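Written below as structure tokens is the structure these notes are about.
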Amino acid sequence: MKKAFVILCVVATLIIISGCSKEYTYGVYEIELSPELISNDHVGNDWKVSYSCNGRKITGGEHWLVLLDDPQTVVIDITVTEKDKIQDIGTGSLTVTFNGDSETKTEISVTEDGGSHQGNKARWEVTCKVNLIEMK
């Protein structure tokens, strides 16, 4: 009888524990930033793409900790620079909301400001993927 009672208590405890669900407060998100040159009409061949958010330089692969019940929206500013004696620069931005997995794209134009190809354009497409990788 004592063994049956102990077994019954163990089984009841396992059922109670398995029925509990953990309440998560924060989500850990990873952002992936992917620039792609989609056209280039003699603007240049040496490029730099940089990103910032709220005045802070960021890179792809960063992790962001965000409250799950209050999804955060941020603006990522993008600068595309053709590195030359006279640099040509294009800017744009992406609005990202941390609320599950998502993908956002924007297009940025860079215009040649001098030389025989003045006025020509290069077009870039920047994709930002946001993935919820962990809940805490």
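Since this is a predicted model, take the numbers as computed values, not measurements.
- Among residues two or more places apart in sequence or in another chain, the side chain to side chain donor-acceptor pair (under 3.5 Å) test is passed with Glu62 by Arg56.
- Under the 4.5 Å side-chain criterion, counting only non-hydrogen atoms from C-beta, Tyr29 is not in contact with Ile133.
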Less than 3.5 Å apart, which donor and acceptor atoms pair up between the side chains of residues 105-114 and the rest of the protein, not counting sequence neighbours?
unit_1 : atom_1 : unit_2 : atom_2 : d
Glu107 : OE2    : Arg123 : NE     : 2.9
Thr111 : OG1    : Lys121 : NZ     : 2.8

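- Taking OG of Ser102 as the reference point, atom CD1 of Ile31 lies at 10.5 Å (rounded to 0.5 Å).
- Between Thr127 and Thr104 there is no side-chain heavy-atom pair separated by less than 4.5 Å.
- Residues forming a side chain to side chain donor-acceptor pair (under 3.5 Å) with Thr73 (at least two apart in sequence, or on another chain): Thr97.
- Atom CD1 of Ile38 has more than 12 heavy atoms from other residues, nucleotides or ligands within 6.0 Å.
- Looking at heavy atoms from C-beta onward, Glu32 lies in side-chain contact with Ser34 at the 4.5 angstrom threshold.
- Of the inter-residue distances, the one linking Glu30 atom CD with Leu132 atom CG reads 11.0 Å to the nearest 0.5 angstrom.
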Please walk me through it: do Trp47 and Asn40 pass side-chain contact (heavy atoms from CB on, under 4.5 Å)?
CA-CA 11 Å; Trp47 298 93; Asn40 184 358; 4.0 Å; yes
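- Val80 places none of its side-chain heavy atoms less than 4.5 Å from the side chain of Thr91.
- A 4.5 Å side-chain heavy-atom check between Tyr51 and Asp77 finds every atom pair outside the cut-off.
- The main-chain N or O of Asp41 is found under 3.5 Å from a side-chain atom of Asn120 such that the two form a donor-acceptor pair.
- More than 12 heavy atoms of other residues, nucleotides or ligands sit less than 6.0 Å from atom CG of Asp101.
- Separating the CD atom in Gln118 from the CD1 atom in Ile86 is a distance of 9.5 Å, to the nearest 0.5 Å.
- Of the possible polar contacts, none joining the Asp84 side chain to the Gln87 backbone as a donor-acceptor pair under 3.5 Å is found.
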Working for side-chain contact (heavy atoms from CB on, under 4.5 Å), residues Val96 and Val75
CA-CA 6 Å; Val96 176; Val75 175; over 6 Å; no
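- The aromatic rings of His42 and His117 lie parallel to each other, with less than 30° between the two planes, well short of the 60° mark.
- A heavy-atom distance below 4.5 Å is found between the side chains of Val74 and Phe98.
- Note on Met135: it clusters hydrophobically with Trp64, by side-chain heavy-atom contacts below 4.5 Å among ILVMFWY residues.
- Atom CG of Asp69 has more than 12 heavy atoms from other residues, nucleotides or ligands within 6.0 Å.
- Considering Leu68, Thr25, Val28 as possible partners of Lys136, the one that fulfils the side-chain contact (heavy atoms from CB on, under 4.5 Å) test is Val28.
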Mind running side-chain contact (heavy atoms from CB on, under 4.5 Å) on Ile76 and Cys128 for me, showing each step along the way?
CA-CA 9 Å; Ile76 297 174; Cys128 179; 4.1 Å; yes
